[in-house]
Amino acid sequence: MLTPEEEAFVKAVGGREEARRVARATLFEQGDLSWALHAKQREGRRIMAAAYERGVRRGVWKVGRRGGKTRGFVADAFERALKNPGWRIAYGALTWESATGFVFPEAEWLSTFAPAHIRPAIVDGEVRFAPQGNGATGSRIRVSGTDTKRNADHLRGPSLHWAYLDECAFNPVLDYIVKSVLSPQLLTTGGMLWMGSSPPESPAHPFEAIYAEDAQVRGSLVAYRTRDAPHVTEAQLELLASELGGYDSPEYLRECDLILLTDPKRAVIPEWHEHQAEVVGEAEGPTHRHWYVSADLGYRDLTVVLLGWWDFANARLVVEDERVLIKPRSEEVQAAALEMEQAHHATVESRVADASLITIADMASQQPEGTPERLRWRLTRKDDKEAAINALRLMVARHQILIHPRCQVTIRHSREAIWNKRRTEYERVSEEGLSHFDALDALVYLARSVDKNRNPFPNAPVPPRADHYRPESVTAPPPRKRGGKVFRRRVRR
């Protein structure tokens, strides 16, 4: 840092700009780039430092669009490289295009303020600092795209001292990068992983559902909106809002105001958000009702078994319970369904599942002896899935479905499921089965399997109609003769 006398001399000789350049070069050499950050970025670094002191080794930056997240990450990586000789640092951009379009330009901009003898260079996808000596450290920042496992593997190595992962909410292999690539390399060095992004298109993405929630609990979450970033002017915010469809658009609310919304353009059940209060709740079951079971079986993904009944009086499907299994055997699926049925004293009318014929036969063999053929497990209908989804959407909009609050996975998958960009199947937002929305398929199968026209109430004697009732007080008049014939007078009622 310049002394007041030195700063006064520089101002006198070279003016304010020269004084700023010299001061920044001096701070760069000392490993202090805080001058490149705005107040929210500096506040976020204090949160991260405090969490690191408590032993937390993963932090999340949930930042509105254009909030300065990338510059904050690159500046922090530079500081650590300048202060720690021989450090190996990883920076995961979403794609290589993101690296060349955003990460490297920030690195080049910061490097312009460096004294020549410690100025880093970008070589072979790395930001390399000069070999140790004369104030240089020899540290390296390895940059790579991470949108595929193959690209993410470029960040592998013997060890890492620090790591940054950008645009996490749009990364389809986020769990793989965190758990298989970066975290093991940080294990022995005690380094920290910083994960950053604006919110995802679906809250089911692990960036939000796993990592941001965990960081909030651990006190390592930094969150600020676009409007909170001091470098964004009102005019710039207005322009950004107009590009995203206005301040009330789902895109602006999600990407700039950090409000968690499933993208309505890609939501499988877009009606859910408007009608959730009416389709989630408890129903008092009548004495007579028909029960149904459906299952979506998976091994890589979740297996979800649902139990429900048709509310004949109110013409709605009631989902009473769920069982969620991970990599189960067929006998475990059958046991889970049977346990659920017994818990609710349910006499089931049908059981359907999405599985192979071999698995269906195996599950059917696990059922008690004497089970009628119509009650054995059978394949669910899977024809015209789009029509089945549309029928479920109408049920939600018309409040013809009610899901018990205990069915948390079913509720979450119904709320957060999104289509892939070709709208051919659900988006796999991560490698984890929790993010493939299997419970929604089980719900579709359940809705298709119920018999909506069958009356569950038993037949009862029908009382005589009022117009057939003959009061005892009314008697027929005596017959009278007319022309030798007997006629009976009719009684009007």
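For the numbers below, each heavy atom of this structure counts, side chains included, while hydrogens, waters and symmetry mates do not.
- Counted by atom type alone, His117 and Glu29 present one or more donor-acceptor pairs between their side chains at under 3.5 Å.
- Looking at Asp362 and Arg329, no side-chain N of the basic residue comes within less than 4.0 Å of a carboxylate O on the acidic one, giving no salt bridge.
- Checked options Asn171, Thr148, Asp153; the residue passing with Tyr176 is Asp153 (criterion: side-chain hydrogen bond (donor to acceptor under 3.5 Å, both in side chains)).
- Contact of the Asp147 side chain with the Asn151 side chain is registered, since non-hydrogen atoms from C-beta on lie closer than 4.5 Å.
- Counting only heavy atoms from C-beta outward, the side chains of Leu392 and Leu440 approach each other to under 4.5 Å.
- Looking only at side-chain heavy atoms (C-beta outward), Val279 and Glu271 stay at 4.5 Å or farther from each other.
- Salt-bridge formation is detected for the pair Glu251/Lys265: a Lys NZ or Arg NE/NH1/NH2 atom is positioned less than 4.0 Å from an Asp or Glu carboxylate oxygen.
- To the nearest 0.5 Å, the span separating CH2 on Trp194 from SG on Cys168 amounts to 13.5 Å.
- Remark: Arg66 CZ is loosely packed, at most 12 non-hydrogen atoms of other residues, nucleotides or ligands lying under 6.0 Å away.
- Residues passing the side-chain hydrogen bond (donor to acceptor under 3.5 Å, both in side chains) test with Glu339 are Arg323, sequence neighbours excluded.
- Taking a 6.0 Å sphere around CD of Gln236, one finds it holds more than 12 heavy atoms contributed by other residues, nucleotides or ligands.
- Using a 3.5 Å distance cut-off with no hydrogens or angles, the side chains of Thr410 and Glu322 do pair a donor with an acceptor.
- The pair Glu43-Arg46 does not count as a salt bridge, with every side-chain nitrogen at least 4.0 angstrom from each carboxylate oxygen.
- Side-chain polar atoms of His161 and Asn84 form no donor-acceptor pair below 3.5 angstrom.
- Both cation-pi conditions hold for Arg57 and Tyr52: the charged atom is under 6.0 angstrom from the six-membered ring centre and inside a 45 degree cone around its axis.
- Taking the six-membered ring where tryptophan is involved, the planes of Trp87 and Trp162 are essentially parallel, since the angle between them stays under 30° and well short of 60°.
- Within the 4.5 Å cutoff, side-chain heavy atoms of Val127 are placed close to those of Ile122.
- Residue pairs meeting the ring-ring contact (aromatic ring centres under 6.0 Å, His included) criterion with at least one partner in residues 256-278, sequence neighbours excluded, are His275-His399.
- For Asp175 and Tyr211, the side-chain atoms include at least one donor-acceptor pair closer than 3.5 Å.
- Counting only heavy atoms from C-beta outward, the side chains of Ile389 and Val444 approach each other to under 4.5 Å.
- How far OG1 of Thr226 is from CG of Asp257: 7.0 Å, rounded to the nearest 0.5 Å.
- Heavy-atom neighbours of Arg218 CZ from other residues, nucleotides or ligands within 6.0 Å: at or below the threshold of 12.
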Dump the intermediate steps for side chain to side chain contact (heavy atoms under 4.5 Å, CB included) on Ile401 and Leu443, then the final yes or no. CA-CA 10 Å; Ile401 190 168; Leu443 182 59; 3.8 Å; yes
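- Sparse packing is recorded around CZ of Arg150, with 12 or fewer heavy atoms of other residues, nucleotides or ligands lying under 6.0 Å away.
- With rounding to the nearest 0.5 angstrom, the CH2 atom of Trp35 is 5.0 Å from the CZ atom of Arg24.
- Using a cutoff of 4.0 Å between basic side-chain nitrogens and carboxylate oxygens, Glu234 and Arg227 are not scored as salt-bridged.
- Between Leu302 and Ile326, some side-chain heavy-atom pair lies under the 4.5 Å cut-off.
- The NE2 atom of His344 lies 3.5 Å from the CG atom of Asp321; values are rounded to the nearest 0.5 Å.
- Taking 4.5 Å as the limit, some side-chain heavy atom of Trp61 sits within range of a side-chain heavy atom of Met48.
- Glu208 places a side-chain heavy atom less than 4.5 Å from the side chain of Lys62.
- Here OG of Ser198 is found 5.5 Å from CD of Glu167. Values are rounded to the nearest 0.5 Å.
- With no hydrogens or angles considered, no side-chain donor-acceptor pair links Gln41 and Arg71 at under 3.5 Å.
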Could you go through residues 237-246 and list every donor-acceptor pair under 3.5 Å that involves a side-chain atom there, pairing it with any protein atom two or more places apart or in another chain?
from	atom 1	to	atom 2	distance (Å)
Glu238	OE1	Tyr247	OH	3.0
Ser242	OG	Glu238	O	3.4
Ser242	OG	Leu239	O	2.6

